[in-house]
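See structure below.
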Amino acid sequence: MEKLTIATLKAMYKSKKTTPQALIEAIIEKAEHDKSLNIWIVPPSLSFIQPYLDGLKDKNPEQYPLWGIPFAIKDNIDLAGVPTTAACPAYAYTPGQSAEVVERLIEAGAIPLGKTNLDQFATGLVGTRSPYGETHNALLPELISGGSSAGSAVAVARGQAVFALGTDTAGSGRVPAALNDLIGYKAAIGDWPASGVVPACASLDCVTVFTSALEDAYLVDSVARGKREQDAHNGGGFRFNPPIASGKPRKLLLPKEPLFFYGNHKDAYRSAWDKAVRRLEQCGIPIEYIDCGIFRKVSGILYDGPWIAERWSDLGEFVESHPGKIFPVTEQVLRSSHERGYDAASVFTAQHQLRGYKEQTGALMRDAILVMPTCGGTYTREQVAAEPVAANSDMGYYTNHCNLLDLTAIALPSDYAGERLPFGITMFALRGQDHILKGAAAEFMQTDSIELAVCGLHMRGFPLEKQLLECGASFLRPDRTAPCYRLIRLQSNPPKPGLIRSAPGSSIELEVWRIPLHRLGEFIRKVPAPLGLGKIELQNGSEVTGFLCEPYAELGGEDITRYGGWAAAERSRSHSGEPATG
């Protein structure tokens, strides 16, 4: 099972390629297979998932935006009837009610899968601070997964959830996204409800989401944010918000000073950042290079100021009353705030200081998007064990300022730094400027990419779709060719279609995807002759790059043009009693 998107899964349901029940059973099997990666604290099980599956029968898929979409929940967020541990067995309790954000997702038709591993009490950015085991990176198991929302990110990256909830206080919803080749989205403080979440630093905590596709993050956001209203036209159910509109920022703000890179892969990360800058230059948005010293100052007061004492106010009593029950480095961090002896005066001093920083940031970032690396490097799990505090501090170098300044942020995958070594950037926007953040993110994701038409086994719900997803491709739209093509079922194993330009011909169903140019060669190497790239004319007269077939291949093949597309031909084949090949 590979990464899935919401659009792909909806297409699979509609075409009867799978059902929610079958998908959940496959996920349970996959979770057991990946048990050694320490993704889950409460793994997927039909014992508590089945009632949610049964509840789908009373919901029309067309009316519920997340109908049948499975999601994972970080184990500091409540799911009714399932233990919440915050990765501390002694802290565990079983809530009678789900966190509000979880309730909203379930109301929209989503299926909760279980509770994922995390850095204990969401205190860490490495994914190794858990008595339930170190969560392994989804691509290179010897590397850290990033934290604290470690299991949530890896669950999505390993195809065990379509999306997953995390939390973010200092970067926990963004660092794991970058290290596992995902999108990590964090709204401004309070835009998503935080009731039913174990606090890490309650005044800064945000619930976040990990996805494989940008549009998925914003669809989840439309369900999670704001107030829900009753919909009189939907049987008294809830009215779901439309996704945020997209806008264009006035400019992009990039650091002008030399950046900090670290770890064994720091040179590769530096090169990946340079490539990301070149992609940003192609977005058609003016770029201004600025002094980012103010953001480092804000990061400094997060852990060297009284906000760290807020963690102790929430958890100190539990730590004191449960000696030996806290993960050692977690207890060290929590106690450090107590031992520094912050008083009321220091709190007000820091608040006044932060107010000044917010005013400066507001003037600097108005109608603009700040862009930084999400991480300046990564570490092996062994390296983090040797230097647990220093390594963790490095991982938050570009993330810690975000919530203190009440920014909204999205972590985006960029060109890989090396083989199976993802690299990502983060875009930041002021509160209330979500539309320009979405627009800038979309522009970046579309740079250095082309549209690619596919008409067979690479379409959504078919066996080779995973090859496109593995290369970072995203589905754009269904479409059709101009009426000048024939479709041939080739004599291959498994059978696949070949599209041949022909007069007379017909209009053939296809899908248009967007794929990064730097991954196109990797994808083409997986496509055998007689297929090759060429220009395909669409029904509106435009052209798109896509797969065409050499005419010689029709010898011995079956002409299936009359069906108008591969999916219809396969349905007919299935109804005739022959085994379908899709």
Between the main-chain N or O of [Y] and the side-chain N or O of [X], is there a donor-acceptor pair closer than 3.5 Å?
| X | Y | answer |
| --- | --- | --- |
| S149 | S172 | yes |
| K115 | A86 | no |
| N137 | L139 | yes |
| D75 | I41 | no |
| S449 | R514 | no |
| S414 | I425 | no |
| Y262 | G376 | yes |
| N392 | L125 | yes |

Quick one: which residue pairs count as a salt bridge (charged side-chain N to carboxylate O under 4.0 Å, His left out) with a foot in residues 133-149, not counting sequence neighbours?
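Pairs touching residues 133-149 that pass the test: E134-R381.
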
Any salt bridge (charged side-chain N to carboxylate O under 4.0 Å, His left out) pairs touching residues 179-195, not counting sequence neighbours?
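Applying salt bridge (charged side-chain N to carboxylate O under 4.0 Å, His left out) to every pair that reaches into residues 179-195, excluding sequence neighbours, yields K3-D181, D191-R225, D191-R431.
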
H322: what forms a ring pair (Phe, Tyr, Trp, His ring centres under 6.0 Å) with it, not counting sequence neighbours?
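In terms of ring pair (Phe, Tyr, Trp, His ring centres under 6.0 Å), with neighbours along the sequence ignored, H322 is linked to F318.
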
Less than 3.5 Å apart, which donor and acceptor atoms pair up between the side chains of residues 462-469 and the rest of the protein, not counting sequence neighbours?
from: E465; atom 1: OE1; to: G461; atom 2: N; distance (Å): 3.4
from: E465; atom 1: OE2; to: T8; atom 2: OG1; distance (Å): 2.5
from: Q467; atom 1: OE1; to: H458; atom 2: NE2; distance (Å): 2.9

Excluding sequence neighbours, so at least two apart, what forms salt bridge (charged side-chain N to carboxylate O under 4.0 Å, His left out) with D54?
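If we apply the salt bridge (charged side-chain N to carboxylate O under 4.0 Å, His left out) test to D54, skipping adjacent residues, the hits are K57.
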
For [X], is the [atom1] atom crowded, meaning more than 12 foreign heavy atoms sit under 6.0 Å from it?
| X | atom1 | result |
| --- | --- | --- |
| K526 | NZ | yes |
| E522 | CD | yes |
| Q50 | CD | yes |
| K266 | NZ | no |

is_close_aromatic(F327, F121), centroid dist under 6.0 Å
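Aromatic pair excluded; centres sit 6.0 Å or further apart.
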
Less than 4.0 Å between a side-chain N and a carboxylate O, is that true for K30 and D34?
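Salt bridge between D34 and K30, a charged N being under 4.0 Å from a carboxylate O: yes.
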
Set of side chain to side chain donor-acceptor pair (under 3.5 Å) partners for [X], sequence neighbours left out:
| X | value |
| --- | --- |
| R420 | none |
| Q383 | N264, T380 |
| T135 | N117 |
| D119 | none |

Donor-acceptor contacts, no H, no angles, side chain residues 210-217, under 3.5 Å, sequence neighbours left out:
from: T211; atom 1: OG1; to: A213; atom 2: O; distance (Å): 2.8
from: D216; atom 1: OD2; to: I6; atom 2: N; distance (Å): 2.9

If you look only at pairs with a residue in residues 380-424, which of them pass as a ring-ring contact (aromatic ring centres under 6.0 Å, His included), with sequence neighbours excluded?
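Checked against ring-ring contact (aromatic ring centres under 6.0 Å, His included) - neighbours excluded - the pairs reaching residues 380-424 are F260-Y397, Y269-F423, F295-H401, H401-F428.
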
Pair listing, ring-ring contact (aromatic ring centres under 6.0 Å, His included) test, anchored in residues 8-42, at least two apart:
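Every ring-ring contact (aromatic ring centres under 6.0 Å, His included) pair that includes a residue of residues 8-42, provided the two are not neighbours, is Y13-W67.
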
Any side-chain donor paired with an acceptor under 3.5 Å for N76 and T84?
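No, T84 and N76 have no side-chain donor paired with an acceptor closer than 3.5 Å.
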
Are D78 and Y93 close enough that a side-chain donor and a side-chain acceptor fall under 3.5 Å?
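D78 vs Y93: donor-acceptor pair found between side chains.
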
Beyond-backbone contact of V512 with F475, side-chain heavy atoms, under 4.5 angstrom
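They are not in contact (no side-chain heavy atoms under 4.5 Å apart), so the answer is no.
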
